[in-house]
J.: 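Attaching a single structure in structure tokens format; questions to follow.
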Number of protein chains: 2
Amino acid sequence: MQYDLILSNIGKYVKLTEAEASFFTSKLQLKEVGKKAYVLQQNERCRHLYFLNSGTLRAFHLTARGKESTVMFAIADWWITDMYAFTNDQPSVMNIKAVEDSQLMCLSYPDLELIWEKIPKFEKFFRILMQKAYVREQLRSIQNLSLPATERYDRFVSKYPAIVKKVTKKQIASYLGVTPEFLSTIRKER
Amino acid sequence: MQYDLILSNIGKYVKLTEAEASFFTSKLQLKEVGKKAYVLQQNERCRHLYFLNSGTLRAFHLTARGKESTVMFAIADWWITDMYAFTNDQPSVMNIKAVEDSQLMCLSYPDLELIWEKIPKFEKFFRILMQKAYVREQLRSIQNLSLPATERYDRFVSKYPAIVKKVTKKQIASYLGVTPEFLSTIRKER
DNA sequence: AATAAAAATTAATGTACCTTAAGAATACAA
DNA sequence: TTGTATTCTTAAGGTACATTAATTTTTATT
């Protein structure tokens with residue numbers, strides 16, 4: 001049922017007993033959002049960590065001048081939140097919006113702290129999750145600094161084919177840090 | 001003595017007993033490196049996680065065409081390694097080199113696993129460490145995508161004044177993703 | 001199906017930043 | 001202290017990418 005995906009996601013890294021699993025799932029809230037709905041608005045407090053059961057989300061930062069920068073995409077089986085705002089209880093620095101109808105599991109920070117306290121295995125699980133997220137971001141930084149846009153696009157397409165199928169070119173452009181017009185000329189060259 | 005800094009660093013987030021602290025420090029190896037010495041070479045295996053007692057290190061990626069991109073700097077009280085290579089036992093994607101004479105504590109992956117197993121509090125500590133590193137990298141990505149070089153420089157200087165004192169303009173330029181020549185024209189405008 | 005709205009493309013022009021090259025300042029080694 | 005390397009700066013010319021604007025294509029709405 002609705003907890004299968006999230007439990008198997010966690011199960012890749014730690015083994016939970018029945019009791020632990022049911023304590024954990026008792027803290028989850030199901031949320032359904034329609035396409036274009038906001039899961040989080042920039043400057044608001046970010047009260048939840050989200051796990052995607054289905055659908056697609058996009059996190060993006062908006063500058064004063066209205067420029068959008070895509071921070072990340074999430075599809076089924078991914079975790080997403082504004083980690084800065086969520087863990088520091090600060091106004092969020094990004095929006096999270098549904099690219100298509102999506103189903104999410106929500107976990108509040110107080111509940112997450114309870115879970116960490118009661119089931120230390122979850123510290124391990126989140127350590128691994130954060131470690132992988134850190135590595136992903138660091139490799140992205142390296143690529144942004146060292147590669148021209150054309151190669152960044154090629155690598156994005158081959159690394160995230162499932163995402164490419166779901167999101168617009170405009171959204172990919174804002175993830176890569178180029179305009180949609182320029183991405184279009186890049187693609188013509190292929 | 002030599003363990004004071006690292007223990008107080010850890011103590012900010014978890015409280016260790018005497019026995020735990022001494023088990024932990026028993027796994028640490030002291031290393032001294034001279035200015036310009038390599039702590040890690042790109043493509044080599046990355047066998048250690050490092051904590052800086054003193055000095056300054058710089059991690060940078062080198063492209064086939066010889067272009068350097070600075071991934072991060074580390075000064076006293078910072079942790080540093082090629083986290084991708086270290087945790088996945090893969091060839092490293094970056095070099096780590098001493099900007100000045102430095103003293104480090106080294107921890108191997110097998111020892112770190114022992115520590116995690118024996119003292120679960122260390123899972124929590126590293127969860128927090130990875131979480132902060134992830135947030136730092138994500139905010140950097142946002143800034144790289146949304147701000148022009150001149151503002152990225154200003155923010156770097158105000159966020160990391162202690163690092164600015166230690167490293168060259170050329171190294172800062174390669175962290176910001178601009179050439180030293182262009183950084184020079186930016187600085188003239190201040 | 002018709003209309004509206006958003007995305008994608010194309011092309012002309014513009015600019016932030018790069019490349020090359022040379023000179024000046026700073027640090028390093030003999 | 002002198003020479004040598006490295007960094008930093010300045011300036012001219014070049015390029016990757018942005019901006020603007022118009023057209024086409026795709027998607028969403030009634």
Side-chain angles (χ1 to χ4, degrees), chain A residues 33-38 55-56 58 60-70 73 95 97-102 143-157 163-190, chain B residues 33-38 55-56 58 60 62-70 73 95 97-101 143-157 163-190:
Chain A
V33 295
K35 183 169 180 173
K36 292 189 183 174
Y38 280 86
T56 308
R58 181 175 72 104
F60 61 97
H61 172 79
L62 205 53
T63 65
R65 287 148 223 125
K67 183 181 174 184
E68 277 188 14
S69 301
T70 294
F73 297 103
N95 300 276
K97 199 176 168 183
V99 170
E100 58 180 349
D101 294 354
S102 303
Q143 292 198 3
N144 283 343
L145 291 173
S146 65
L147 299 178
T150 169
E151 290 191 40
R152 299 206 306 273
Y153 175 68
D154 290 344
R155 294 193 186 205
F156 181 82
V157 169
I163 289 171
V164 172
K165 280 179 205 148
K166 299 287 191 178
V167 307
T168 66
K169 309 277 174 289
K170 189 182 173 186
Q171 290 165 348
I172 295 175
S174 95
Y175 179 91
L176 298 174
V178 297
T179 58
E181 293 83 356
F182 189 63
L183 178 57
S184 193
T185 76
I186 285 175
R187 283 162 44 77
K188 211 187 341 178
E189 290 162 9
R190 302 293 93 181
Chain B
V33 295
K35 184 170 179 172
K36 291 190 184 174
Y38 281 88
T56 309
R58 181 174 72 105
F60 62 99
L62 205 51
T63 66
R65 287 149 224 125
K67 182 181 174 183
E68 278 187 12
S69 301
T70 295
F73 297 103
N95 300 276
K97 200 176 168 183
V99 171
E100 58 181 349
D101 293 355
Q143 293 197 2
N144 282 344
L145 291 173
S146 65
L147 299 178
T150 167
E151 290 191 39
R152 299 204 308 272
Y153 175 68
D154 289 344
R155 293 191 188 207
F156 181 82
V157 169
I163 289 171
V164 172
K165 279 179 204 147
K166 299 287 189 176
V167 307
T168 66
K169 309 278 175 288
K170 190 185 174 184
Q171 290 165 346
I172 294 175
S174 95
Y175 179 91
L176 297 175
V178 297
T179 57
E181 293 83 357
F182 189 63
L183 180 57
S184 193
T185 76
I186 285 174
R187 284 162 43 76
K188 212 187 340 176
E189 290 163 8
R190 303 295 90 186

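Here is how names work: the chains are called A, B, and so on, in the same order as the sequence lines, proteins then strands, and each is numbered from 1.
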J.: Looking at the side chain of K170(A), which of dT10(C), dA11(D), dA7(C) is the nearest nucleotide?
T.: dA7(C)
J.: Just by distance, do the side chain of D101(A) and the backbone of K35(A) share a donor-acceptor pair under 3.5 Å?
T.: yes
J.: In chain order, what residues pass the side chain to side chain donor-acceptor pair (under 3.5 Å) check against R187(B), with sequence neighbours excluded?
T.: Y153(B)
J.: By side chain to side chain donor-acceptor pair (under 3.5 Å), which residues pair with E68(A), not counting sequence neighbours?
T.: R58(A)
J.: How many Å lie between CD on Q171(A) and P on dT26(D), as a whole number?
T.: 18 Å
J.: Does a side-chain N or O of R187(A) approach OP1 or OP2 of dA8(C) to a distance below 4.0 Å, or not?
T.: no
J.: Distance check, rounded to the nearest 0.5 Å: F156(A) atom CZ versus L183(A) atom CG?
T.: 10.0 Å
J.: Partners of D154(A) by side chain to side chain donor-acceptor pair (under 3.5 Å), sequence neighbours excluded?
T.: R190(A)
J.: Report the nucleotide, chosen from dT9(C), dT10(D), dT10(C), that has the shortest atom-to-atom distance to any side-chain atom of T185(B).
T.: dT10(D)
J.: K188(A) has an atom NZ; how far is it from atom P of dT24(D), in whole Å?
T.: 15 Å
J.: Rounding to an integer number of Å, can you tell me how far R65(A) CZ sits from dT20(D) P?
T.: 14 Å
J.: In sequence, state the C-alpha distance, the side-chain angles, and the governing distance for H61(A) and T63(A), and then conclude on side chain to side chain contact (heavy atoms under 4.5 Å, CB included).
T.: CA-CA 7 Å; H61(A) 172 79; T63(A) 65; 4.1 Å; yes
J.: Which atom pairs, one a donor and one an acceptor, fall under 3.5 Å between side chains of residues 172-181 of chain B and the rest of the protein, sequence neighbours left out?
T.:
unit_1: S174(B); atom_1: OG; unit_2: T70(B); atom_2: N; d: 3.2
unit_1: S174(B); atom_1: OG; unit_2: T70(B); atom_2: OG1; d: 2.5
unit_1: S174(B); atom_1: OG; unit_2: Q171(B); atom_2: O; d: 3.3
unit_1: T179(B); atom_1: OG1; unit_2: F182(B); atom_2: N; d: 3.2

J.: With S69(B), which residues qualify under side chain to side chain donor-acceptor pair (under 3.5 Å), at least two apart?
T.: none
J.: So for the helix from dA1(C)-dT30(D) to dA30(C)-dT1(D), with five pairs setting each end axis, what is the inter-axis angle to 10°?
T.: 60°
J.: Output all residues satisfying side chain to side chain contact (heavy atoms under 4.5 Å, CB included) with K166(A), sequence neighbours left out; order by chain, then residue number.
T.: T56(A), E100(A)
J.: In B/S/- notation, 5' to 3', how is nucleotides 12-30 of chain C contacted by protein heavy atoms closer than 4.0 Å?
T.: -----BSBBB------S--
J.: CD of E189(B) versus P of dC8(D): gap in Å, rounded?
T.: 18 Å
J.: From NZ of K169(B) over to C1' of dT7(D), roughly how many Å is that when rounded to an integer?
T.: 10 Å
